[in-house]
Asks: 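I have a structure I would like to understand better, so I am pasting it below and will then ask my questions one at a time.
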Number of protein chains: 2
Amino acid sequence: MSEPRAATIKDVATAAGVSIATVSKFVNRQQTFSPAVEERIRAAIASLGYRQNPAARSMVTGRTQAIGLAVMDIRNPHYANIVKGANRVGMKSGYSQFVVDMEERREGVHQMLDALAMRVDGLIVSTRIPEQDMDWLANMGKPVIFVGRPMRDVIYTVRTDGYLGAGLLARYLVRQGYRRIAYAGFPLASWNEERLRGLKEVVEAEGLELQVFEVDGTVTESGERAAAHVLLRPDRPEVIVACNDQVALGFLIQARALGISIPEDVGLAGFDNIEPSRYVLPSLTTVDMRSETMGEIAMQQILAMIAGKEIARDYRLEPTLMIRQSTMRPPAGG
Amino acid sequence: MSEPRAATIKDVATAAGVSIATVSKFVNRQQTFSPAVEERIRAAIASLGYRQNPAARSMVTGRTQAIGLAVMDIRNPHYANIVKGANRVGMKSGYSQFVVDMEERREGVHQMLDALAMRVDGLIVSTRIPEQDMDWLANMGKPVIFVGRPMRDVIYTVRTDGYLGAGLLARYLVRQGYRRIAYAGFPLASWNEERLRGLKEVVEAEGLELQVFEVDGTVTESGERAAAHVLLRPDRPEVIVACNDQVALGFLIQARALGISIPEDVGLAGFDNIEPSRYVLPSLTTVDMRSETMGEIAMQQILAMIAGKEIARDYRLEPTLMIRQSTMRPPAGG
DNA sequence: GTGAAAGCGCTAACAG
DNA sequence: CTGTTAGCGCTTTCAC
């Protein structure tokens, strides 16, 4: 029923009548063997159901064959996609993946990553990190890659350019004839500033002014809570750019509740291109931030670093504008 | 810049002028110490930045302080919620979490879990498992819990009762006056049978017949692909129950494209209660399968098993019916 | 309350 | 091609 004890390399060696060193080399495919030996080892392993003990292995090699992946909120499809992408490429190379959902936690992050760090060969971080922990992270002696987060120097990053994305979106909105453009941002997010800046530059270059509002988080409920304040004011914007799709979706939900039509009464757009954006009504114009690809690249890069290769400090992906119904401005009656 | 070498317990012992055994006991809070020693150890640890090496620790204890969590598709909010719940309770107890996204993979599952098994103290599995791997899983000597999957005996499970949920939903639909009721199922899913059975029993008890269709997967696209076949037939059902919300959403999307109104022309319902179901138009009637709670409970149970406690073989949660617009039948004109 | 010593299972020289 | 051996960093008796 329950096995007495898992077979060790020693058991295999004994059963095969060879030394443990030979078994080790066999298991790690480090050389060739005489057919006889090879066969005996193979048989012994099979009959004993032997598996390498990763802990023992990593004790001597110093490598764990695991990567740590910290995200803000696995429930946000944006992060789920990052995990998915990373998982796919990691798995191909035989790496397992620790995932940690930080749940918007602001404290204890250091401690958490600290604990993780000892268990992995590298870290992919897509979380808010207190400024003071940055140096520590950068110098902890293991590869670290930030994803989706703009940072100069200090650290390696993989990201889709939010400044560029915001520019694409803003230029499109202006072309659509929108004049009163607003941004609903979440200042605590590290990517907030560049999205804001990208919008602002384009909008102001047109001689327009960007109205800026704040939301209290990055989930749909954050958008729902902020919506009334933005939608019911006398100088209501003609189009609202939310800092991400979830927030935009929150605005959408609340607009319906308030009897405000999108895009007839007000336009709406977001960032990320999560799946629901495609099928909500009206479908949501957004900037595809290539979440899954970021995850894939981040993992590739971290594996490259582990392999001792030199990689780009700042791997940048190009965002794509997804034009949908929520910004289909009705022909202006003026 | 980069530290020469991570501090070991030996370094701490030397620095504090005590033995490594003492440091070990201190770190693991296994007894009390003379104030002097305690202080010296504390100082040494702090100044050296010492952290326990988990690999070394687990070599001797045989425990890894990690749990493996295998899901079908992390992009499906249902699974993301399970991960989230599990992660939350695991973290509180100091357990890290390996997450594996199986991506609907049908082969290599054994191998994958095999590799995982050596790295964890327990496994939470929410994936399709080939029948022949069941015994192996059940007897691999480590706690295993299946989530969301009906199974008698053999193995521990945490699940929300799909049979019950289907019953709730079916009774409600009948009460709504629906007569031609259909189920769009995915036969490969382990939970498919009980959802189907739950519907069928109620429907047939009413003297009605359940139409059954098949979809080719559990994502929105699966629903989209299957929709036309179901929606355009002469004997179109009055209401369609999809095997999960994603598939239902696919039907919804495709119905729009075909110019078929929900709920006016045909009703629609799903299972899971993922977030988008609440805000699509029309909002989707569904059975809340309590994904996040399942994740929490599964982790609690696995930790209990690891602690040597006896737990329920089959932990069952009650589903809740979420009545929304997609089944708001217009007053029948007949 | 503290320390010495025996491994945990494995890899990596190094010898043969 | 195969084997011997010295640890990797830590916990755990068992003495003192």
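Protein chains get the first letters and strands the later ones, always in sequence-line order, with residue 1 at the start of each. The analysis underlying the following values was restricted to heavy atoms, covering all of them including side chains, and did not include hydrogens, waters or symmetry mates. Worth saying up front: this structure is predicted, and the values here are computed from it rather than measured.
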Asks: Would you mind reading off the distance between B/Ile9 atom CD1 and C/dT2 atom P, rounded to a whole angstrom?
Replies: 15 Å

Asks: Give a yes/no answer on whether the side chain of A/Thr22 brings an N or O atom under 4.0 Å of OP1 or OP2 in D/dG3.
Replies: yes

Asks: Taking salt bridge (charged side-chain N to carboxylate O under 4.0 Å, His left out) as the cut-off, I'd like each qualifying pair that reaches into residues 61-80 of chain A, sequence neighbours left out, listed once.
Replies: A/Arg63-A/Asp121, A/Asp73-B/Lys84, A/Arg75-B/Glu292

Asks: C/dA12 P sits how many Å from A/Arg63 CZ, rounded?
Replies: 10 Å

Asks: So, does B/Asp272 use its side chain to make a donor-acceptor pair with the main chain of B/His78 at under 3.5 Å?
Replies: no

Asks: Quick one: B/Glu39 CD to C/dT2 P, roughly how many Å, whole number?
Replies: 13 Å

Asks: With a 4.0 Å cut-off on heavy atoms, is B/Phe26 in touch with a base, just the backbone sugar-phosphate, or nothing at all?
Replies: nothing

Asks: Is there side-chain contact between A/Leu123 and A/Lys142, with at least one heavy-atom pair below 4.5 Å?
Replies: no

Asks: If you assign each of A/Gln52 and B/Ser34 to its closest nucleotide in DNA chain C, which residue comes earlier from the 5' end?
Replies: B/Ser34

Asks: Whole angstroms only, please: what is the CG-P distance between A/Asn53 and D/dC8?
Replies: 18 Å

Asks: Could you check whether B/Arg51 gets within reach of a base, just the sugar-phosphate, or nothing at all, counting any heavy atom under 4.0 Å?
Replies: sugar-phosphate

Asks: Nearest-Å distance, CD (A/Gln30) to P (D/dC1)?
Replies: 14 Å

Asks: Classify the nucleic acid contact of A/Val18 as base, sugar-phosphate or nothing, counting any heavy atom under 4.0 Å across all strands shown.
Replies: sugar-phosphate

Asks: Considering only D/dG9, C/dT2, C/dT11, which nucleotide approaches the side chain of B/Met59 most closely?
Replies: D/dG9

Asks: Given that B/Gly17 and B/Met118 both sit by DNA chain C, which one's nearest nucleotide is further toward the 5' end?
Replies: B/Gly17

Asks: Out of C/dT11, D/dC8, C/dG3, which nucleotide sits closest to the side chain of B/Lys25?
Replies: C/dG3

Asks: Of all the choices, C/dT2, C/dT11, D/dT11, which nucleotide is nearest to the side chain of B/Thr61 once you look at every atom?
Replies: D/dT11

Asks: Please round to 10 degrees the angle between the axis of the first five pairs and the axis of the last five pairs in the helix from C/dG1-D/dC16 to C/dG16-D/dC1.
Replies: 30°

Asks: Could you check which of D/dC8, D/dC1, C/dC8 has an atom nearest any side-chain atom of A/Thr32?
Replies: D/dC1

Asks: Which nucleotide wins on minimum distance to the side chain of A/Ala56, given the candidates C/dG9, C/dT2, D/dC8?
Replies: C/dG9

Asks: Between the side chain of A/Thr64 and the main-chain N/O of A/Ala66, is any donor-acceptor distance below 3.5 Å?
Replies: yes

Asks: With distance as the sole test, does B/Ser126 use its side chain to make a donor-acceptor pair with the main-chain N or O of B/Val71 at under 3.5 Å?
Replies: no

Asks: Check for a donor-acceptor pair, side chain of B/Thr127 on one end and backbone N or O of B/Ala70 on the other, with a separation under 3.5 Å.
Replies: yes

Asks: Can you check the A/Ile20 CD1 to D/dC1 P distance for me, whole Å?
Replies: 20 Å

Asks: May I have the distance from A/Gln65 (atom CD) to C/dC10 (atom P), rounded to whole angstrom?
Replies: 15 Å

Asks: In whole Å, I'd like the distance from the CZ atom of A/Arg57 to the C1' atom of C/dT11.
Replies: 8 Å

Asks: For B/His110, does its backbone N or O pair with a side-chain atom of B/Asp114 as donor and acceptor, under 3.5 Å?
Replies: no

Asks: Reckon A/Thr8 touches a base, only the sugar-phosphate, or nothing at all at heavy-atom distances under 4.0 Å?
Replies: sugar-phosphate

Asks: Do B/Asn28 and B/Arg57 have side-chain atoms, one donor and one acceptor, less than 3.5 Å apart?
Replies: yes

Asks: Ignoring the backbone of B/Ser24, work out which of D/dC8, C/dA12, D/dT11 is nearest its side chain.
Replies: D/dT11

Asks: If you check every side-chain atom of B/Ala21, which of C/dA4, C/dC10, D/dT11 has the closest atom?
Replies: C/dA4

